[in-house]
J.: 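After the structure tokens below, expect a handful of questions from me.
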There are 2 protein chains.
Amino acid sequence: MPDAADPAAMTARRKFRREGEERRRQDLIEATLDSVAEHGLQGASLRTIALRAGVTAGLIRHYFPGKEELLQEAYTALVGRMTEQAKAALAVEDASPRQRLAAFVAANLNAPIVDARVFSLWATFLGRANADPTLARAHREGYLGFRNEVEAVVAEVLAAERRKPDESELRRHAIAINAIIDGLWIEGCLAAEMFSPGELAAIGIKAIEAELGLAPEKQFRET
Amino acid sequence: MPDAADPAAMTARRKFRREGEERRRQDLIEATLDSVAEHGLQGASLRTIALRAGVTAGLIRHYFPGKEELLQEAYTALVGRMTEQAKAALAVEDASPRQRLAAFVAANLNAPIVDARVFSLWATFLGRANADPTLARAHREGYLGFRNEVEAVVAEVLAAERRKPDESELRRHAIAINAIIDGLWIEGCLAAEMFSPGELAAIGIKAIEAELGLAPEKQFRET
DNA sequence: CGGCTATTTATACACTTGCACAATAAGCCT
DNA sequence: AGGCTTATTGTGCAAGTGTATAAATAGCCG
């Protein structure tokens, strides 16, 4: 028991609250992403992460076998969130395939997906994909899922135009459209101030319609 | 003087050669890029870099004020090399604007520009662009230079087709084409085995011709 | 050949890192 | 209320970090 007369024993142990397991893991992952986004992988030490999450460093070992696993789970969570947001834009009701495609593109080329922090995370983790197969796999899965979504919408759009593309043509369109979205996304993230609001989406939609050989259509009135 | 009878004095000092200043700086920069590509920024310690360059860690301080400056110079060198290679493809003689554009795209979507190591470096450094304005500026300059090249060729191509685009249209095309190349480049770097040789270039050229509204042309016979 | 200079090595230092582990207390269960 | 589990803290440690600086030697100049 601490003796009040002994100065060295005056240092009180920090108060804490027990949180649910899932909540703590989530907080730690979020703190990890914040740290990586701000200072890169090198600046994301266990102590920094723990400080941000409001706990002490030792606790991390209680939830994750080591730092590497924490980083992997954080990246997986990031990829999951990104693709989830992107796909959500496809779920608009009462819309033509072409409108849904346009909405999908617009969603991917505006905030919150176009975001410097997200880009920083994406780039930082992907830079290690060469060396870390787990990261490479997480990316690959996210990418393929995304491209499949694109391919599905493209098929619908072309079907609505009474066109019947073969498999390889569909694949080519999906690859190209994916590239257009990715490329514009990067440009927007890295230099948001160079583009007026909505400009990237407009460029993207036009480029994609050209790729698909769609006749230019009158503008929709959108908010 | 070392005494042969004293075991502690037996440790011989390492032999070395004096190299020219420029050569040493170049070697150190190369070793830095190799280290970063292989182990990321966190794994690129001064000792690792020095070992790879065949010198000891202390020497780095003789050529660079600190680690940060070494990394910045390394990234600048990387960007310079990339854009230089890309632009070189534009310098083909006796070719129509359209052929030059196609050659430019093909050069950017094949080895050695499509390369996992280069991508790893690109991503790793860009992940820190948010935090490090020097890196951000190095990227910005490389990007704008690249886009200006694109814009210039596009202008030539359209002029050859007797079309007179206004400034904003030219800008839109350049942004879109840049995005197509970037996006396909990334896909190729991250998953080279998913594409057959030349496939990315073919997809890119087709997409760009669609963007510019060029009529499909007969294939050139190329090696 | 003998000295000079600046390139290069080697060592020291203060600090941070990831991880291991013992000590502690929060909060559920009975 | 009181005990038990276990989530959480705090401390320690060996390895590695960037930087500073002293010591050594390679190679040019006379």
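A note on names: the letters A, B, ... follow the listed sequences, proteins ahead of strands, and every chain is numbered from 1. Reckoned from all heavy atoms, side chains included, excluding hydrogens, waters and symmetry mates.
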J.: State whether the side chain of Asp115(A) and the backbone N or O of Ala111(A) hold a donor-acceptor pair below 3.5 Å, judged by distance alone.
T.: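 Checking the backbone N and O of Ala111(A) against the side chain of Asp115(A), no donor-acceptor pair under 3.5 Å is found.
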J.: Keeping to residues at least two apart or across chains, list the ring pair (Phe, Tyr, Trp, His ring centres under 6.0 Å) pairs with something in residues 16-39 of chain B.
T.: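 Sorted pair list comes back empty.
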J.: For nucleotides 25-30 of chain C, just jot down a letter per nucleotide in 5' to 3' order: B, S or -, based on protein non-hydrogen atoms under 4.0 Å.
T.: BBS---
J.: Rounded to the nearest angstrom, tell me the gap between atom CD1 in Ile60(B) and atom C1' in dT17(D).
T.: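 Result: 12 Å.
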J.: Looking at Arg117(A) and Asp34(A), does any basic side-chain N land under 4.0 Å from a carboxylate oxygen?
T.: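 A salt bridge links Arg117(A) with Asp34(A).
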J.: Look at the side chain of Trp185(A) and the backbone N and O of Asn108(A), then say whether any donor-acceptor pair between them is shorter than 3.5 Å.
T.: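 Side chain of Trp185(A) to backbone of Asn108(A), a donor-acceptor pair under 3.5 Å: no, none is there.
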J.: Where along residues 129-137 of chain B does a heavy atom fall under 4.0 Å from DNA chain D?
T.: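 The stretch gives none, as no residue of it lies under 4.0 Å from the strand.
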J.: Would you check, one step at a time, whether the test salt bridge (Lys or Arg N to Asp or Glu O under 4.0 Å) holds for Arg171(B) with Glu199(A)?
T.: CA-CA 11 Å; Arg171(B) 175 183 132 96; Glu199(A) 184 180 14; 2.6 Å; yes
J.: Taking Arg52(A) first and then Glu38(A), would you say they form a salt bridge - that is, a charged N and a carboxylate O separated by under 4.0 Å?
T.: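 Yes, this pair counts.
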J.: Under 3.5 Å, sequence neighbours excluded: what are the donor-acceptor pairs made by side chains of residues 80-92 of chain A?
T.:
residue	atom	partner	partner atom	Å
Arg81(A)	NH2	Glu30(A)	OE1	3.2
Thr83(A)	OG1	Val79(A)	O	3.2
Thr83(A)	OG1	Gly80(A)	O	3.1

J.: State which of dT8(D), dT7(C), dT17(C) makes the closest approach to the side chain of Thr48(A).
T.: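 The answer is dT17(C).
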J.: Taking CG from Leu46(B) and P from dT9(C), how many angstroms apart are they, rounded to a whole number?
T.: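 Checked: the CG to P distance equals 14 Å.
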J.: Verify side-chain contact (heavy atoms from CB on, under 4.5 Å) between Phe64(A) and Ile29(A), making sure each step is shown before the conclusion.
T.: CA-CA 10 Å; Phe64(A) 301 91; Ile29(A) 285 180; 4.2 Å; yes
J.: Return the set of residues passing salt bridge (charged side-chain N to carboxylate O under 4.0 Å, His left out) with Arg18(B) (not counting sequence neighbours), or none when no residue passes.
T.: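 Once residues adjacent in sequence are excluded, Arg18(B) has no partner under the salt bridge (charged side-chain N to carboxylate O under 4.0 Å, His left out) criterion.
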J.: If the threshold is 4.0 Å, N to carboxylate O, is there a salt bridge linking Glu19(B) and Arg17(B)?
T.: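 Counted as a salt bridge, because a side-chain N and a carboxylate O are separated by less than 4.0 Å.
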J.: If the cut-off is 4.0 Å, is His62(A) near the phosphate of dT8(D), judged by side-chain N/O to OP1 or OP2?
T.: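 It does not, given that no N or O in the side chain of His62(A) lies less than 4.0 Å from OP1 or OP2 of dT8(D).
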J.: Under the ring pair (Phe, Tyr, Trp, His ring centres under 6.0 Å) rule, what pairs show up with a residue in residues 123-152 of chain A, not counting sequence neighbours?
T.: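 Every ring pair (Phe, Tyr, Trp, His ring centres under 6.0 Å) pair that includes a residue of residues 123-152 of chain A, provided the two are not neighbours, is Tyr75(A)-Phe125(A), Phe104(A)-Phe146(A).
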J.: Specify the separation, in whole Å, of atom CG of Leu59(A) and atom P of dA22(C).
T.: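 The distance from CG of Leu59(A) to P of dA22(C) comes to 18 Å, rounded to the nearest Å.
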J.: Which residue pairs pass the salt bridge (Lys or Arg N to Asp or Glu O under 4.0 Å) test with at least one member in residues 60-76 of chain B, sequence neighbours excluded?
T.: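 Checked against salt bridge (Lys or Arg N to Asp or Glu O under 4.0 Å) - neighbours excluded - the pairs reaching residues 60-76 of chain B are Arg25(B)-Glu73(B).
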J.: Find the distance Arg61(B):CZ to dA22(D):P and express it as a whole number of Å.
T.: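 One finds 13 Å between P of dA22(D) and CZ of Arg61(B), rounded.
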J.: For DNA chain D, find the residues of residues 27-45 of chain A with a heavy-atom distance under 4.0 Å and give them by number; none if there aren't any.
T.: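 By residue number: none to list.
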J.: Quick one: are Val105(B) and Arg100(B) in side-chain contact, heavy atoms under 4.5 Å?
T.: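 A side-chain contact is absent here, since even the closest heavy-atom pair is not under 4.5 Å.
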J.: With sequence neighbours left out, which residue pairs that include part of residues 175-194 of chain B fulfil the salt bridge (Lys or Arg N to Asp or Glu O under 4.0 Å) condition?
T.: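 Every pair satisfying salt bridge (Lys or Arg N to Asp or Glu O under 4.0 Å) with a residue in residues 175-194 of chain B: Arg140(A)-Glu193(B).
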J.: Listing request: all salt bridge (Lys or Arg N to Asp or Glu O under 4.0 Å) pairs with a residue in residues 118-138 of chain B, at least two apart in sequence or in separate chains.
T.: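 Counting only pairs at least two positions apart or across chains, the salt bridge (Lys or Arg N to Asp or Glu O under 4.0 Å) contacts touching residues 118-138 of chain B are Arg137(B)-Glu141(B).
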J.: Closest nucleotide of DNA chain D for Arg47(B) versus for Glu21(A): which of these residues is on the 5' side?
T.: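 So the residue in question is Glu21(A).
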J.: Send over the distance from Lys67(B) NZ to dT17(D) P, rounded to a whole Å.
T.: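 These atoms are roughly 8 Å apart.
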J.: Could you give the angle between the helix axes at the two ends of the helix from dC1(C)-dG30(D) to dT30(C)-dA1(D), with five pairs per end, rounded to 10 degrees?
T.: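 Between the first-five-pair axis and the last-five-pair axis there is 0°.
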J.: Expected output is a numbered-order residue list: members of residues 49-58 of chain A with a heavy atom under 4.0 Å from any atom of DNA chain D. What is it?
T.: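 Those residues whose heavy atoms fall under 4.0 Å from DNA chain D, taken from residues 49-58 of chain A in numerical order, are Val55(A), Thr56(A), Gly58(A).
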J.: OP1, OP2 of dT7(C) versus side-chain N and O of Tyr63(B): anything below 4.0 Å?
T.: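 For dT7(C), OP1/OP2 do not have a side-chain N/O of Tyr63(B) under 4.0 Å.
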J.: What is the distance, to the nearest angstrom, from the CZ atom on Phe64(A) to the C1' atom on dA20(C)?
T.: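 Interatomic distance, CZ of Phe64(A) to C1' of dA20(C): 18 Å.
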J.: Treating Ser120(A) as the side-chain partner and Ala116(A) as the backbone partner, does any N or O pair qualify as donor plus acceptor under 3.5 Å?
T.: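 The answer is no, because no donor-acceptor pair under 3.5 Å joins these two groups.
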